[in-house]
Structure formats: C-alpha cells, structure tokens
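Heads up: the structure comes next, in structure tokens.
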There are 2 protein chains.
Amino acid sequence: MDRLFKNFQVSCENCNLDEICLPRGLSEQEVKDLSDVIKSNSVLQQGEYIYRQGDRFKGIVAVKSGTAKLVSNDNQGNEHILNILLPGELTGFDGLNQNRHRCSAIALEVMSYCELPAEKLDSLCQMVPGIARELFRHSGESINESQNQVITSKQSAEVKLALFLTNLSDRLKKRGFSSLSFDLPLTREEMGNLLGLTLETVSRMLKHLQNEGLITVRRKHIEINDLKTLKAICSR
Amino acid sequence: MDRLFKNFQVSCENCNLDEICLPRGLSEQEVKDLSDVIKSNSVLQQGEYIYRQGDRFKGIVAVKSGTAKLVSNDNQGNEHILNILLPGELTGFDGLNQNRHRCSAIALEVMSYCELPAEKLDSLCQMVPGIARELFRHSGESINESQNQVITSKQSAEVKLALFLTNLSDRLKKRGFSSLSFDLPLTREEMGNLLGLTLETVSRMLKHLQNEGLITVRRKHIEINDLKTLKAICSR
DNA sequence: CGTATTATTGACTCCATTCAAAGATAGTGG
DNA sequence: CCACTATCTTTGAATGGAGTCAATAATACG
C-alpha cells in the first residue's frame, strides 16, 4: 500500500495538473511557496468524504485523479447533487462564507486530492501576491458552474441531458481527457438528481439521443457521435 | 441634481451599511484604507445596467439602496434571472473567473451602489490583510445563493414560491428591513423567470398561499401572516 | 380619460412523473 | 466456474402538475 502510492508524492512544482490547477497563473517562485503549504495526495475510496456539510472549513481542495460529487443535504435528509468534480478542478469555496462547509464532497470512485489548508490561506495570500487573484478566479468558476446549473434547471429533459453531456465533454477536453468517449461517473439516479429528473426519464432521454444517432450509450459508457448536433439541441 | 445627492457622498467609515457590507470584519484602519479606493454612490434609474454580461470585469459592487436583478442571457437571447440584490449585498464575483462579467446586473428601481474597482483589488488585498478574507467570504455567499437556487429549482411550484418569499424575508430582516411586510421588486413574469415557472403559475400559487391564510397579496405588496407554516411548506 | 402594462382566471394539453415489471450487470461465495 | 444476490437499467401504461392559449380585469401612467 505504502509503496503503491509513493510515486504520487509530487509537489505542485512537478505536478502534471499545474496548467489547469491553482498554479496556472503563478510564477516559478510563487509555485514553490504554494507547494510548501499544500498537503498533497490524500487517497479516498468510493463513497468516502473529502469533507462533510457542517464541517469546519477545511481548505481549498484540488481533485488530482478520479471524480467526486458535490452534495447538499436539506433538512429532510434529501440529497441534492450540485455538481461533479473532475481532475484539476477545485472545490471548497462553499466553506468560505461561514467557515463551515455548506455541502459535502464525496468520492465517486478511487480518487486522490491535494489541499490548501484553511489556516494557511490568509498568510499565503499576503506572502504570494498572485494567489489571492488565482483563488478568486477559481471561486468565480464555482459561481459560474452553479449559475449554469440554474439555467440548465429551466430546460426540458432532452436539453438537460444534452447540456450535461456537452458540459462534461468540454470539461474533460479542457483537462486533457477524451471528450468524445468517456464513462459517466454517476448512476442514472444520480444524474436524475443532478438534473432534476427521475432516473426513468434520464434512461429514456439517453435512449432518445441514441436513436437520433447523436450518442452511443452502453451502460455508463458514452460515445458522442455528433457533438455539433448535440450542442445545437442545447439551444432549444 | 448635483445638490440632491450631496448628502449621499459618504465613505465606508460612516456608511450605515458597514455592518452588513464589506467592512464588517475589518479594523478601523482597514476600513479607512478600503474607503480610499471605493468609488461610492453611483445612482441608476430602473432598467439601467450596473454592468453588462461580456463587459470587462469592473470590480466588486455593493448595493447601497434600491434593488437590482442579476441576469444571464443565453445565446438565443433568452433572459435568465439568477437572483435579486438587496441593499448591503455584494455582486460582481462572476467576473473574477475570466475577467469578464458572465451576467448583467440591472437596476429594478432607482438605486445606488458603491464599487471596489477591479484594478485596485490586488494591491488592496496585499495592503489590507483582512480584505481578501472578507471578499472570499462574500464570494462564498454568492456561491451559497446560487446553490440555493439550484436546490429550489427541483421543488414544486408551491414550494418554490414559499422558498422565494421566506428567503426574501430572511434577507430583508438581516439587512434591517421589515421581514413580514414588503414590496416585491419583480413582476410576476420576472418571478416566474427566476423560479422556473410561468407567470400564470406564479399568480395562481400566490393566490393559493393567500387562500391558505399564510400571506396577503395585493399586487406587488406582500404581507406574511404565518411565517412558520410558510417555512414548513418549504420542506415538502 | 384612454392606453399600455401587469395580473388574474379558466379550459385544455402535454411532458415528465409515478407505478410496475422485467432485464442486464457486477460482485460474492460455494 | 457457476449460481445467487444486490444493484442498476430499461421499458410500458396511466396519472398529474405545470404549461399553453385565451379572455378579462386591475392598475399605472402619460
């Protein structure tokens, strides 16, 4: 076990995610300073929590490998999936407001992540001039993602699925993964939860998009055959 | 004109919103430093823009009086209202990600606002230790609000209206306004847009809540008669 | 006072949900 | 390796909640 993950003990300086993660806009020296306070490569199994709703604000978390879901539980115990997180994506900004996490982040498969601890935030912002701006940028990205979800929520079932798939495709591409052939990290039920649909409707709509020749679905595996038309459907 | 607004030329140090606005967590000296770079009290008429989607990131804006709506236009020109802004609330964080505003902020009535210009952000964060943290906190609040909208979007029409009214009531209370008797700054159509409903459904649901004895509606004026039951409806 | 805007109300329609049953797949242990 | 089970997915039929269309009413405003 110990041996298995030894080669994962990289710092920000030689991490292959540096172009899409926090270091993107920083100078070499700034990355070094950042690297010193980053807690790197915690590993989780499926279902384990990165942080829990209600926890004291832990810090800003960067997904290194694998995927996670962002989940909010309402007071009746219903689970609302707010988004999924891909490698290179940051989360934790929800804890900045009241110093407590307002939602949970849960591993969808075996995954690893790095962490910029909350207690180091203030001093780091002062020491490393660019870091505050970079953090704001990522925080802004979180806002944009949430706002996308709000707009998505007003669309028909067909458009919701098309938006979900194209958004995932775009984000995978940005992170250097195949954008036309990938596995969904969510079950039909979880997709339904995320999109405000029932699992049956998700199943039917995937079938429908397949019948139109736009995608090929096999269980959780998706092939996008006609991205252009799929994107056209998004604007209906 | 000039004369009319002269007494509005206050700085952060003697602004009556200091407890709910950006200065909340800052020391006296920090507020002075902040005040030096704040552009205060621009006044807008209904329908005028604080900033436009696509504009270069202008800065962080604090609503001083009146209300505004946060709007995103999709590529077919459909307008999506993302939220409304009350006095003391901050906006503009959507511009932090790509240095361009991803949505527009539009006055819903005569309103005034202050502004922390984008170009002063970096230097201010370094000069005033607490300011980065305060900005993060408000940025976190923006995220929380967006996530609330996402959760709201999955509820029934009745629950959506109850959530909208109680959320508005809570925010008004926090800002020192009457929380049980207030005027809606939105038309039925705009409320429908915000909540993902048609204006007819909004009208019917307001009537329904009135028939239940929970609220009294007279055009845009709302009286909340039974906040407890109204909040109970939110968790259905 | 007349017009434009906003809001209410009713009847009908349709999309997504609900309920129900069956099929497919992955993981487990004998 | 296969049977067994739990989980996930597909598919169909019936139902219902919100949308659509349409007409009327109330209010604001010039």
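Chain letters run A, B, ... following the sequence lines, proteins first, then strands; residues in each count from 1.
- The heavy-atom pair separating A:Ile20 from A:Arg175 by the smallest distance is CD1-CG, 3.4 Å.
- Contacts of B:Gly192 with the nucleic acid, taken as non-hydrogen atoms under 4.0 Å apart, are absent.
- Following rounding to the nearest Å, A:Met191 (CE) and D:dT10 (P) show an atom-to-atom distance of 8 Å.
- When A:Ser42, A:Pro87, A:Ser65 are each tested for a side-chain contact (heavy atoms from CB on, under 4.5 Å) with A:Tyr113, only one passes: A:Ser42.
- Closest non-hydrogen pair, B:Ser169 versus B:Ser179, comes out as OG-O, 2.7 Å.
- For the contact set between residues 197-207 of chain B and DNA chain C, defined by any heavy atom under 4.0 Å, the members are B:Leu199, B:Glu200, B:Ser203, B:Arg204, B:Lys207.
- Between A:Arg219 atom CZ and D:dC8 atom C1' the separation is 5 Å, expressed in whole Å.
- Following rounding to the nearest Å, A:Gln46 (CD) and D:dT7 (P) show an atom-to-atom distance of 13 Å.
- In this structure, B:Asn193 places its CG atom 17 Å from P of D:dA18, rounding to the nearest Å.
- B:Arg218 places its CZ atom 12 Å from the C1' atom of C:dA7, with the value rounded to the nearest Å.
- Rounded to whole Å, the distance from CD on A:Glu158 to P on C:dC14 is 17 Å.
- Taking atom NZ on B:Lys220 and atom C1' on D:dA28, their separation rounds to 10 Å, with Å as the unit.
- Going from atom CD of A:Gln155 over to atom C1' of D:dG19 covers 15 Å, rounded to whole Å.
- For B:Ser146, there are no side-chain hydrogen bond (donor to acceptor under 3.5 Å, both in side chains) partners two or more places apart in sequence or in a different chain.
- Without hydrogens or angle criteria, B:His101 side chain to B:Lys58 main chain gives a donor-acceptor distance under 3.5 Å.
- Using modelled atom types, one finds no donor on one side chain facing an acceptor on the other under 3.5 Å when comparing B:Asp74 with A:Ser235.
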